[in-house]
Protein chains: 2
Amino acid sequence: MVGPDAYPSTVVASRSPSVESLAADAWRALLDYFVGNRERHLALAAEYGLTVGSMKTLLSLDPDEPKSMRALAEEWKCDASNVTWLVDRLEERHLVERRTLPADRRVKTVMLTPAGQRVKAGLLERMYEPPESFRALPRADLAALLRVLEKL
Amino acid sequence: MVGPDAYPSTVVASRSPSVESLAADAWRALLDYFVGNRERHLALAAEYGLTVGSMKTLLSLDPDEPKSMRALAEEWKCDASNVTWLVDRLEERHLVERRTLPADRRVKTVMLTPAGQRVKAGLLERMYEPPESFRALPRADLAALLRVLEKL
DNA sequence: TATTGTTATACTCTATAACTATA
DNA sequence: TATAGTTATAGAGTATAACAATA
């Protein structure tokens with residue numbers, strides 16, 4: 001599928017590797033490192049008694065900018081009925097609240113309750129907590145990593 | 001939840017940031033960059049006419065080391081009946097084959113068929129293809145990134 | 001009797017279509 | 001008539017429990 005010159009093998013060590021093969025190797029290393037990340041998220045949700053859907057919903061909402069049901073459906077590229085279902089689950093737990101928009105009484109916005117805001121803050125704090133392997137890196141490595149990631 | 005000294009704010013720019021805050025910032029940058037990755041995988045599966053489950057199954061199997069149904073259930077931390085269902089879907093498409101183990105006629109192993117091996121190879125090739133933003137990085141950045149990721 | 005895998009069944013999540021209430 | 005959201009319903013994917021075959 002890829003021509004013979006497009007991805008020169010990285011085992012040719014006598015010359016410095018091409019940008020192409022460096023990019024491929026770095027990308028692969030990144031992917032491999034991130035394989036376990038979905039499981040980390042799943043475990044985190046379970047810890048809070050949430051499903052992946054509930055967590056996604058909380059993380060999408062912001063106290064200062066409530067979103068309509070339709071906006072959420074577009075953001076998640078799913079059907080509106082699915083949003084109804086997800087918001088129902090979260091409303092049962094008093095983490096969000098629906099409000100009818102006075103300007104247009106057809107649309108309903110979804111607001112984080114104070115409890116929802118607390119749960120979201122807790123989730124974010126835990127998500128952004130770097131793993132041990134990360135914190136063990138020397139300062140120079142972390143600075144280099146950050147500098148490159150900021151370009152991406 | 002975190003003591004005042006544990007995560008010094010990164011806006012204190014007059015002194016060099018602590019290793020802790022560097023680690024937190026780098027981890028966060030990495031997470032943010034990877035948000036879109038699950039969607040990339042989903043689109044890739046759809047392109048091959050696979051579900052996420054089927055893709056996961058193919059990627060877990062290796063031509064030279066067949067795995068039992070039970071081993072797969074443990075690897076995926078799911079119920080054995082779920083493995084039966086997933087393998088059924090893949091067997092319908094002739095991408096895997098069940099074989100009874102002669103040594104213990106209770107256990108069945110799952111083998112990739114030649115077609116399954118081809119699909120898996122195609123998936124891996126596409127997954128490991130670095131995105132454009134990655135290939136656009138200068139050589140020095142890629143080398144630095146790779147060097148750090150290899151430590152992780 | 002214990003273990004491997006399957007079948008029967010139910011629950012969660014997602015989608016489509018029909019409906020309601022507004023506009 | 002068109003749009004926002006809900007309800008009715010169906011399908012995919014996951015789990016639990018009962019079961020058949022083998023150890």
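Here is the naming used below: chain letters follow the sequence lines, and residue numbers restart at 1 for every chain.
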Closest to side chain of [X], choosing from [options]:
{"X": "A:Thr51", "options": "C:dC13, C:dG5, C:dA23", "value": "C:dC13"}
{"X": "B:Lys108", "options": "D:dT14, C:dA15, C:dT6", "value": "C:dT6"}
{"X": "A:Trp85", "options": "D:dT14, D:dG5, C:dT12", "value": "C:dT12"}
{"X": "B:Thr84", "options": "D:dA8, D:dG5, C:dG5", "value": "C:dG5"}
{"X": "B:Leu86", "options": "D:dT7, D:dG13, D:dT14", "value": "D:dT14"}
{"X": "B:Arg106", "options": "C:dT22, D:dG5, D:dA23", "value": "D:dA23"}
{"X": "B:Asn82", "options": "C:dT16, D:dA15, C:dA21", "value": "D:dA15"}
{"X": "A:Ser68", "options": "C:dG5, D:dG5, D:dA23", "value": "D:dG5"}
{"X": "B:Asp79", "options": "C:dG5, C:dT3, D:dT16", "value": "D:dT16"}

Can you check the [X] [atom1] to [N] [atom2] distance for me, whole Å?
{"X": "A:Lys67", "N": "D:dA4", "atom1": "NZ", "atom2": "P", "result": "17 Å"}
{"X": "B:Leu72", "N": "C:dT4", "atom1": "CG", "atom2": "P", "result": "13 Å"}
{"X": "B:Glu74", "N": "D:dA15", "atom1": "CD", "atom2": "P", "result": "14 Å"}
{"X": "B:Leu42", "N": "C:dT14", "atom1": "CG", "atom2": "P", "result": "11 Å"}
{"X": "B:Glu92", "N": "D:dA12", "atom1": "CD", "atom2": "C1'", "result": "13 Å"}
{"X": "B:Glu91", "N": "C:dG5", "atom1": "CD", "atom2": "P", "result": "13 Å"}

Looking at B:Arg70, I'd like to know whether one of its side-chain N or O atoms comes within less than 4.0 Å of OP1 or OP2 on C:dG5.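 True: B:Arg70 side-chain N/O within range (under 4.0 Å) of C:dG5 OP1/OP2.
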Would you tell me if any nitrogen or oxygen in the side chain of A:Arg98 comes within less than 4.0 Å of OP1 or OP2 on D:dT6? yes
Residue mapping more 5' on DNA chain C - nearest nucleotide basis, A:Lys77 or A:Asp104: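 The residue closer to the strand's 5' end, by nearest nucleotide, is A:Lys77.
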First encountered from the 5' end of DNA chain C, between A:Lys56 and A:Leu101: A:Lys56
Please confirm whether A:Trp27 and B:Phe34 have ring centers closer than 6.0 angstrom. yes
Is the number of heavy atoms from other residues, nucleotides or ligands under 6.0 Å of A:Arg99 CZ greater than 12? no
More than 12 heavy atoms of other residues, nucleotides or ligands under 6.0 Å from CZ of A:Arg98: yes or no? yes
Check ion pair A:Glu39-B:Lys77 (N to O, under 4.0 angstrom):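 Looking at B:Lys77 together with A:Glu39, the answer is no, because their closest N to O distance does not fall below 4.0 Å.
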Might you point out which heavy atoms bring B:Lys67 and B:Ser60 nearest each other, and give the distance in Å?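 Nearest pair, atom of B:Lys67 first, then B:Ser60: NZ-O, 2.8 Å.
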Base, sugar-phosphate alone, or nothing: which one does A:Arg89 contact when heavy atoms must sit under 4.0 Å apart?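 Answer is nothing: A:Arg89 stays at 4.0 Å or more from every strand.
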